[in-house]
Amino acid sequence: MTAAESAEAAQRYDPRAIQEKWQRRWEKLDTFRASDDPADTRERAYLLDMFPYPSGDLHMGHAEAYAIGDAIARYWFQLGRNVLHPIGWDAFGLPAENAAIRNNAHPADWTYANIETQAESFRRYAVSFDWSRRLQTCDPEYYHWNQWLFLRFYERELAYRKDGYVNWCPKDQTVLANEQVIDGRCERCGTVVVRRTLTQWYFRITSYADQLLADAEALERKWPERVLLMQRNWIGRSEGAEVHFAVEGRDEPVTVFTTRPDTLYGATFFVVAADSPLAEELCEPSRLEELRAYVAEVRKLTDIERQATGRDKTGVFLGVHAVNPVNDELIPVWAADYVLPDYGTGAIMAVPAHDQRDLDFARAYGLPVRGVLETGQPDPATGGIATAGDGQLINSGPLNGLGKAEAIARITAILAEKGLGHAAVNYRLRDWLVSRQRFWGTPIPIIHCPSCGEVPVPEEELPVVLPDLRGQDLVPKGVSPLAAATDWVNVSCPKCGGPAKRDTDTMDTFVDSSWYFLRYCSPHYAEGPFDPDNVRRWAPVDLYVGGVEHAILHLLYSRFFVKVLHDMGLVDFREPFTRLLNQGQVINGGKAMSKSLGNGVDLGRQLAAHGVDAIRLTMISASPPEDDIDWADMRPEAMVKFLARAWRIAGDVAAAGSSRPDGEPGDVALRRVTHHTIDDVTRLVEAHRLNVAVARLMELVNATRRAIDSGPGAGDPAVREAAEVLAVLLSLFAPYTADECWELLGHQPSVARAGWPVADPALLVTDSVTAVVQVNGKVRDRVEVPPDISEDDLREVALAAAGVIRALGGQSIRKVIVRAPKLVNVVAG
RNA sequence: GCCCCGGUAAACCAAUCGGCAGAGUUGACGGAUUCAAAAUCCGUGCAGUGUGGGUUCGAGUCCCACCCGGGGCACCA
């Protein structure tokens with residue numbers, strides 16, 4: 001290499017060399033360690049990125065999410081806060097188990113190998129984590145506390161076992177929670193889910209339905225509106241009444257839930273879910289065979305087919321009658337497929353005149369239709385359209401003449417008085433099914449004893465550690481692989497000492513992620529899931545960054561956990577995440593990246609080609625954080641170019657040997673730009689409008705370049721100031737280049753500790769502004785005026801402006817609107 | 001079917017409170033530099049804001065209806 005060539009190379013921006021240099025230096029600096037010291041008076045701030053599942057290396061989606069979270073965390077650091085920004089891994093789950101079967105290995109092998117890969121990638125990606133708090137949910141030190149919490153839930157009867165008609169994924173060979181079934185398919189593998197009756201463990205999240213709903217109000221404007229909406233829809237609260245119907249041949253009445261108790265006089269038949277135990281129980285014996293044949297048909301259908309819109313409703317008559325409690329009328333009891341066994345009580349009163357589903361069924365089977373609401377709409381019996389709105393009650397005894405609301409109140413009171421029913425609230429939300437028939441998860445800490453029943457594992461025996469199963473041991477067989485580990489399963493009962501067996505199911509991995517943010521506050525604490533003092537100081541999370549795909553599952557479960565912990569007195573807050581930022585997805589060519597489409601973009605290759613800083617900047621500047629990024633539209637080269645421009649400015653300033661002696665601030669025009677940029681970027685980062693913040697940085701670079709080339713030159717103190725401000729602002733998004741610039745400018749590393757610049761208010765005010773002068777809404781002139789000009793003065797100046805006089809052309813002025821100092825609109829005509 | 005979010009230049013995206021439609025980036029074109037190219041620097045053009053109404057002195061911004069795209073819920077009694 002000639003001297004000229006090497007001089008040229010030294011002037012070329014080389015992201016790879018910069019990365020290697022700074023990554024080594026940063027390791028020694030340990031800049032981002034959060035301080036637990038109670039005497040540390042800095043303001044505490046907790047920024048949490050949703051922890052990753054170790055499915056392989058990091059991908060483009062991670063690159064976006066962590067670039068966003070890191071920019072805000074680094075901003076908080078620059079402000080001088082004591083920032084908790086931890087990382088860990090959501091490390092239990094099926095993919096590890098499937099890989100272990102394939103490779104005849106242990107799930108931990110795959111899991112920890114991937115974690116190491118991701119950890120290395122995070123370091124290279126320069127995310128400002130406190131690595132000392134790293135956790136993995138598959139470590140016994142972590143899942144110990146899942147078990148501890150499970151037992152606390154159990155004590156409070158918030159964990160219980162029951163027979164349920166559950167969702168079963170035939171491919172993964174395990175049950176799924178309702179939240180994990182998307183359009184009738186397994187959330188993880190897409191297989192059509194079938195129904196099975198199994199005895200399973202549940203968490204009683206429904207006890208908290210009202211609180212989950214009520215506390216969502218407090219999250220308004222702090223969480224994205226659509227997430228709150230999705231949670232509200234999911235909880236699905238509806239108000240109405242429960243009504244008890246006597247049924248022939250049964251001692252106890254059958255209760256139904258209805259949102260329209262006012263239409264009770266219009267009930268002309270009664271329906272129970274065909275596939276509920278109730279149907280068989282109520283059925284007249286001679287019709288049992290017919291019912292069973294029918295139920296067999298219904299069960300052949302998947303939920304997808306069963307819920308297809310427009311499908312004809314079917315059912316069979318059970319040969320018995322129910323008694324309408326308000327008029328003692330006998331109405332036939334049917335079993336049908338359109339009533340769901342697990343919503344409400346699995347039975348309904350059918351009011352065909354005023355419910356479309358009941359009307360469709362009545363018309364299909366020739367059942368009577370009786371209108372009890374006068375709505376002015378055509379008769380449902382002939383028109384086929386049920387009238388479901390408000391109206392005046394008719395044919396309804398004491399309700400006649402009332403409107404809907406009054407009638408509901410009246411009938412509810414009557415029913416309550418006679419013991420025939422009462423006002424009631426029903427939820428769509430079901431209890432959270434937490435058992436899984438797979439290996440790589442937290443063992444449920446319960447022992448089943450033939451004489452004592454369910455016995456909790458004593459606290460001092462926790463954690464119940466997974467046995468060492470691998471390879472073929474893990475092939476799913478419909479029961480948990482743990483069941484085959486006889487040495488592990490067979491124990492003596494902690495209560496009576498007799499032979500007993502461990503529960504062989506493991507917990508849903510969403511249990512792990514429902515409280516990990518608390519563990520980060522004291523990750524090595526051995527006396528409990530977390531140190532209450534540390535949690536009091538750090539939690540709740542100030543800002544939670546992650547994908548909207550967790551809008552219901554993870555976020556709802558975490559909220560539930562925190563409410564339970566609050567009621568147990570372990571935390572003093574009721575919501576885990578004060579603010580939530582949902583970043584969009586990275587897509588390619590208008591579609592989600594997928595193997596089958598072959599449109600995947602490899603993060604490692606992108607980083608190798610353009611450098612970490614350029615990829616981070618591409619993610620940040622592409623769009624508002626919550627919007628999707630279409631990688632096909634992105635040009636990372638543009639960001640390399642920008643970073644090179646910023647880096648050359650630092651180099652030019654260094655070469656010019658400029659300094660900032662007191663009393664010599666330098667070029668005031670550039671200083672105005674610099675301080676306006678500080679002001680703007682501060683506000684934009686606060687508002688999470690990171691893409692616009694980057695645009696402001698680009699403006700500052702452009703202005704500084706001009707100042708160097710065709711202004712006061714690189715030696716001007718204002719140019720140095722601009723370069724220094726640029727390095728600090730840039731450190732949120734492009735930490736490598738920022739540190740390199742900072743060093744070139746003669747400062748000690750790291751720029752991450754430089755402190756956020758403060759805009760000089762004197763440089764933010766301008767001595768003149770341009771006021772726009774309009775005539776009839778069209779811009780006709782501009783005038784330079786002082787910013788504090790009065791309305792009257794501005795009016796006078798505007799009316800005298802040449803452009804105005806020309807535009808008026810002698811027309812009379814009807815009105816002048818003045819918005820000092822920016823605008824005047826002359827209305828003429 | 002119901003409910004949310006979005007639609008601005010060739011592309012991605014800006015536009016505090018209703019107040020000049022353009023900050024930034026890409027692409028395109030032109031110039032400087034160069035033997036030439038790359039790199040670098042400078043400059044140029046490109047839309048009246050999905051459609052139709054309304055409110056207003058003034059609407060990308062507010063209201064109504066519709067179209068398109070994305071998302072959520074959906075025999076939920």
Side-chain angles (χ1 to χ4, degrees), chain A residues 8 11-13 183 224-234 236-238 240 256-260 263 271 273 306-311 313 336-340 342-351 355-358 360-361 388 426-429 548-549 551-552 584-585 590 617-618 621-624 626-630 632-639 641-642 644-645 648 680 683 687 689 691-702 705-706 708-710 770-782 814-819 822-829:
Chain A
E8 195 191 311
Q11 281 169 25
R12 202 169 48 226
Y13 172 69
D183 292 332
E225 186 55 41
R226 60 182 169 147
V227 172
L228 295 174
L229 196 72
M230 281 160 73
Q231 293 213 350
R232 289 190 182 112
N233 283 342
W234 190 263
R237 180 190 155 101
S238 47
V256 302
F257 174 76
T258 175
T259 53
R260 295 299 301 269
T263 63
V271 188
R306 197 168 160 181
Q307 291 173 13
T309 48
R311 209 176 60 80
K313 295 167 180 47
D337 57 355
Y338 80 95
V339 172
L340 305 177
D342 49 5
Y343 182 77
T345 60
I348 62 158
M349 64 177 207
V351 184
D355 183 287
Q356 192 60 47
R357 296 155 300 183
D358 296 341
D360 293 344
F361 191 80
N426 196 52
Y427 298 93
R428 210 188 74 101
L429 181 71
V548 74
E549 64 274 16
I552 295 170
Q585 282 186 293
L617 263 179
T618 304
S621 66
S623 66
E626 46 283 330
D627 286 6
D628 287 352
I629 294 173
D630 194 333
D633 296 329
M634 292 302 119
R635 295 281 105 85
E637 302 83 2
M639 298 302 138
K641 218 164 105 181
F642 163 67
R645 275 164 73 79
R648 274 194 301 270
D680 278 352
R683 275 203 303 260
R689 305 187 52 208
N691 55 324
V692 189
V694 172
R696 292 287 175 273
L697 291 189
M698 290 175 169
E699 281 181 79
L700 180 57
V701 164
N702 293 343
R705 183 81 256 161
R706 277 193 297 273
I708 292 172
D709 289 350
S710 50
T770 306
V772 172
V773 187
Q774 302 176 331
V775 175
N776 290 334
K778 291 203 170 65
V779 181
R780 295 303 186 190
D781 212 331
R782 284 152 220 272
R814 285 199 299 174
K815 197 173 174 185
V816 182
I817 286 111
V818 185
R819 291 285 176 273
K822 288 173 69 182
L823 177 129
V824 176
N825 187 16
V826 181
V827 187

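Side-chain atoms are counted along with the backbone in the values below, which use heavy atoms only and exclude waters and symmetry mates. Convention: sequence-line order gives letters A, B, ...; per-chain numbering from 1.
Against the 90° criterion about 0, the sugar-base torsion of C73(B) places it in the anti range. For G7(B), the base is anti relative to its sugar; the glycosidic angle deviates from 0 by more than 90°.
Contact check, Arg705(A) against U40(B): no side-chain N or O comes under 4.0 Å of OP1 or OP2. Look at Asn691(A) and you'll find a side-chain N or O under 4.0 angstrom from OP1 or OP2 of A14(B). OP1 or OP2 of C13(B) has not a single side-chain nitrogen or oxygen of Ser621(A) nearer than 4.0 Å.
Checked against U26(B), C42(B), A11(B), the side chain of Lys641(A) finds its nearest nucleotide in U26(B).
Contact annotation for Ile348(A): base contact, defined as any heavy-atom pair under 4.0 Å involving a base atom. Using a 4.0 Å heavy-atom criterion, one finds that Arg696(A) contacts the bases of the nucleic acid, with or without backbone contacts as well. Counting non-hydrogen atoms under 4.0 angstrom, Glu637(A) reaches nothing in the nucleic acid. Nucleic acid contact class of Val827(A) (heavy atoms, under 4.0 Å, all strands): sugar-phosphate only. As judged by a 4.0 angstrom heavy-atom cut-off over every strand, Asn702(A) is placed among residues touching the sugar-phosphate backbone only. Among the protein residues, Met349(A) comes within range of no part of the nucleic acid, since none of its heavy atoms lies under 4.0 Å from any strand. Arg635(A) comes within contact range of the sugar-phosphate backbone alone, with a heavy-atom separation under 4.0 Å but no base atom that close. Within the nucleic acid shown, Asn825(A) comes within 4.0 Å of at least one base atom, counting heavy atoms only. In this structure, Pro224(A) reaches neither bases nor backbone, as no heavy-atom distance under 4.0 Å exists between it and the strands shown.
By the 4.5 Å heavy-atom criterion applied to side chains, Val773(A) and Arg780(A) are not counted as neighbours.
A donor-acceptor pair under 3.5 Å is formed between the side chain of Asp358(A) and the backbone N or O of Val351(A).
Using N1 to N3 plus N6-O4 or O6-N4 for Watson-Crick, or N1-O2 and O6-N3 for G-U wobble, each under 3.5 Å, C62(B) pairs with G54(B). Nucleotide C2(B): paired with G72(B) (Watson-Crick or G-U wobble, both distances less than 3.5 Å).
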